[in-house]
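I have placed the structure first, in the form of structure tokens, so that the comments after it can refer back to it.
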There are 4 protein chains.
Amino acid sequence: MTLDAIFEATIQVLVADGPYRLTTTRVAKRAGVSVGTMYQYFPHKHSLFYAVNERYLDVLAEKLESFCQAHRGASIEQMVAGLVKTYWSAKAERPEVTRALYRSVAELDNEVLIEAFGRRADAATAAMFGSATDADFADLPTVILTLLSSIFGTVRNVFERDLEAAQVATLLRQLRLMCIAYLNAVKMPSLKGDAE
Amino acid sequence: MTLDAIFEATIQVLVADGPYRLTTTRVAKRAGVSVGTMYQYFPHKHSLFYAVNERYLDVLAEKLESFCQAHRGASIEQMVAGLVKTYWSAKAERPEVTRALYRSVAELDNEVLIEAFGRRADAATAAMFGSATDADFADLPTVILTLLSSIFGTVRNVFERDLEAAQVATLLRQLRLMCIAYLNAVKMPSLKGDAE
Amino acid sequence: MTLDAIFEATIQVLVADGPYRLTTTRVAKRAGVSVGTMYQYFPHKHSLFYAVNERYLDVLAEKLESFCQAHRGASIEQMVAGLVKTYWSAKAERPEVTRALYRSVAELDNEVLIEAFGRRADAATAAMFGSATDADFADLPTVILTLLSSIFGTVRNVFERDLEAAQVATLLRQLRLMCIAYLNAVKMPSLKGDAE
Amino acid sequence: MTLDAIFEATIQVLVADGPYRLTTTRVAKRAGVSVGTMYQYFPHKHSLFYAVNERYLDVLAEKLESFCQAHRGASIEQMVAGLVKTYWSAKAERPEVTRALYRSVAELDNEVLIEAFGRRADAATAAMFGSATDADFADLPTVILTLLSSIFGTVRNVFERDLEAAQVATLLRQLRLMCIAYLNAVKMPSLKGDAE
DNA sequence: CATGAATGAGGGTTCATTCAT
DNA sequence: CATGAATGAACCCTCATTCAT
């Protein structure tokens, strides 16, 4: 489908030439359509860029949601491990694309997108952790905000500092450790906690 | 001094108009100098941009270093609390500037800058935590990388999601909690630890 | 056609304003197109300039070739007279253009063009004089080089010194005389030469 | 002396960077003076350029004049040989300078200079050939014009086509031959001519 | 609907020239 | 007088956007 071709072309140009060289002509050519056609789908360059980000965050949110949905009732340790893995895998699948999008964010006023994504991630994660069989939290929203900020932020840092594979593996392990230590520190003492 | 005026003008334009609208003419006008003068100090737009970031990261690194220097031999709890506070304060001093610079990163190949900053932060923090009187770590570099990634990442997330003051305060408290929980989880059992 | 308009505009600007004032905007305006359009045909100013020269030399070379082709087997006197006339006529057709192009040479690294033109002129002229019925030359290439250098150089001098019509006519007559005297001086005594 | 330094610097920049990169700052720096000082000697760039050319042509004219002065009463063969040699040597002494100046001519309206030079060359040469002991010419001015146009033009052609040393030597020999053949063809039959 | 040539505002950069020191 | 930092008009070139075909 034309639209998909345009999206993919945008990402490819972004990765290959950087946000600075992302021109409508270049994208159109790579997508195999004319500029005119592209303007039928997107009224201006900005909207194209916006749509690409929207789509990207949408897919990401879906992955998180589907993971959270599937792991209700698990242990917080499983949840944390899975959450980190899910988020990292989604980002690491196409690292250059991830990096390119991280860097291209400047171009658009995407606060709306980020907020929407944040809300979805918060909600899904909160629902999952709320169903944990081995822990309860007095202020779940705060816990979730802390957890996600830490995970998302750390992952972003990895890409920014361009760490080596070995370092990344270690860091992700430590990240899990950190999150679990945190959750255990803030969870309420409960009967459920007996199994520990 | 002219140079400072240019720096400040760059930041102001960045904040007011965004990286996309950062043009040499605009910066020059706001700095109260001619384009020609600007080009006497910076061989091209890029270098101006780069210099601003370099300066910013330099100040940031210095603040971290001076804090770390001053708190050798403290407890890990004090270190964590101070580290978070120092980093956050530096970023929150001029929030719009911080946000503007976070977003402008895309424009320049600043991996070198980020790496240099990372190394300085790593070194200073490692030296401090290595001197902690109440904890020892088997793999200090990894612990530091994790700690800083988490702190830096989380702070960045705060700016990206544009959280409210109250949320921020809570989140920072939780962040300290999380870091301490992590450090306690990974520290080596030691004689020094007796006091715990 | 747009392209021809651009060529002609370039020449006109060159003539009217000189090579120093030949700007892309000026050419575009005179050609009745936008700068953007010009850049669709020529990747940069230089290439436009180059193309104009190329075209000019190409036409010139063709005229020489066609004359030489048509006068094989003639007498050297006819050849010389025709050669001078052909070259001069081509140059004198639009004297200001000729002068403008002579002066604009500095702007472009046109050694390649000049060499190419030189080779074509050499080849055509050599073929013609090689077929002369009343003379043979021991070292034809050298004779041709001398002949053409002298003719081309003299003509250039005329334009540079901006001689009056009467002087020009006289000079051209003398030039023919000089060339013929030279050829007679260097030609081999031969059976063909009997008629002399 | 400062002025000489500026002249030499101009030429060096011209040779090293081409007429396009000849900027006042660059010349001043190479001359070891400030732009301000340069503007004390030359009211604008153009005048500097003009002066350099003037000086160059002046030296050239002097060489021709002094040769012509010294060879009054010689044979036309000696005159021609010496004239070609003198002119060529002057040009070939610093070939890059010659080439650079040939190309830079476009920048300035130097018709005046060229005319002045032409007149001096004409006068000197005419006086010399008028004193030849072995030939008389009915229309000396025309003969001189032809002779000089041919010599000057041919030499220029050599630089333009960038011929090899061997070719150059041959060409110069032929040029002498051509000039002598011409002079012999147009000289008046005279008693002086007996020696022939 | 698709095309892609045409547009031209606006960007980065240069450099002849000035003038306070 | 010499200096060289400051100026800003003007240059070359790009690219988002339009619209006749």
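What you are looking at is a predicted structure, and each value in this text was computed from that prediction instead of being measured. Per chain, numbering begins at 1; letters A, B, ... match sequence-line order.
- Going from atom OH of Y41(A) over to atom P of dT17(F) covers 19 Å, rounded to whole Å.
- One can place CD of Q40(C) at 13 Å from P of dC15(F), the figure rounded to the nearest angstrom.
- Heavy atoms of F42(C) sit nowhere under 4.0 angstrom from any nucleic acid atom.
- Comparing dG8(E), dT17(E), dC13(F) by their nearest atom to the side chain of Y39(C) picks out dC13(F).
- Of the residues near DNA chain E, T37(A) and G36(D), the one whose nearest nucleotide (by heavy atom distance) lies more toward the 5' end is T37(A).
- Distance from the side chain of T2(B) is smallest for dA6(F) among the nucleotides dT3(E), dT17(E), dA6(F).
- Between T24(D) and dA16(E) there is a side-chain polar atom (N or O) within less than 4.0 angstrom of OP1 or OP2.
- K29(A) places its NZ atom 15 Å from the C1' atom of dA16(F), with the value rounded to the nearest Å.
- Checking the phosphate oxygens (OP1, OP2) of dG8(E), no side-chain nitrogen or oxygen of S34(C) falls inside 4.0 Å.
- R26(B) comes within 4.0 angstrom of the backbone, heavy atoms only, and of no base.
- In this structure, the side chain of R103(A) does not engage the main chain of P19(A) through any donor-acceptor pair within 3.5 Å.
- A donor-acceptor pair under 3.5 Å is absent between the side-chain atoms of T24(C) and the main chain of K45(C), judged by distance alone.
- Ion pairing of E93(D) with K63(D) is present here, as a side-chain N (NZ or NE/NH1/NH2) and a carboxylate O approach within less than 4.0 Å.
- Atom-to-atom, NZ of K45(C) to C1' of dT14(F) comes out at 17 Å; the value is rounded to the nearest Å.
- In this structure, CD1 of I6(D) is placed 12 Å from C1' of dA2(F), rounded to the nearest angstrom.
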Please lay out, stage by stage, how F42(C) and F7(C) fare under the test ring-ring contact (aromatic ring centres under 6.0 Å, His included).
CA-CA 11 Å; F42(C) 302 96; F7(C) 273 126; 5.8 Å; yes
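- Protein atom CG of L3(D) is 14 Å distant from nucleotide atom P of dC1(F), rounded to whole Å.
- When heavy atoms are screened at a 4.0 angstrom cut-off, T23(A) is found touching the sugar-phosphate backbone but no base atom.
- Formation of a donor-acceptor pair under 3.5 Å by the R161(B) side chain with backbone atoms of I114(A) is not found in this model.
- In this structure dA20(E) sits in a base pair with dT3(F), meeting the Watson-Crick or G-U test at under 3.5 Å.
- For dT13(E), the paired base is dA10(F) (Watson-Crick or G-U wobble, both distances below 3.5 Å).
- Taking the side chain of V35(C) as heavy atoms from C-beta on, and the options dG8(E), dC1(F), dT17(F), the nearest nucleotide is dG8(E).
- Rounded to a whole Å, the CZ atom of R21(D) is 11 Å from the C1' atom of dT13(E).
- Taking the charged nitrogens against the carboxylate oxygens, R156(C) and E160(D) do have a contact shorter than 4.0 Å, which makes a salt bridge.
- Nucleic acid contact class of L48(A) (heavy atoms, under 4.0 Å, all strands): none.
- Where T25(D) and M38(C) each meet DNA chain E at their nearest nucleotide, the meeting point lying more 5' is that of M38(C).
- Y20(D) has its OH atom 16 Å from the P atom of dA10(F), to the nearest Å.
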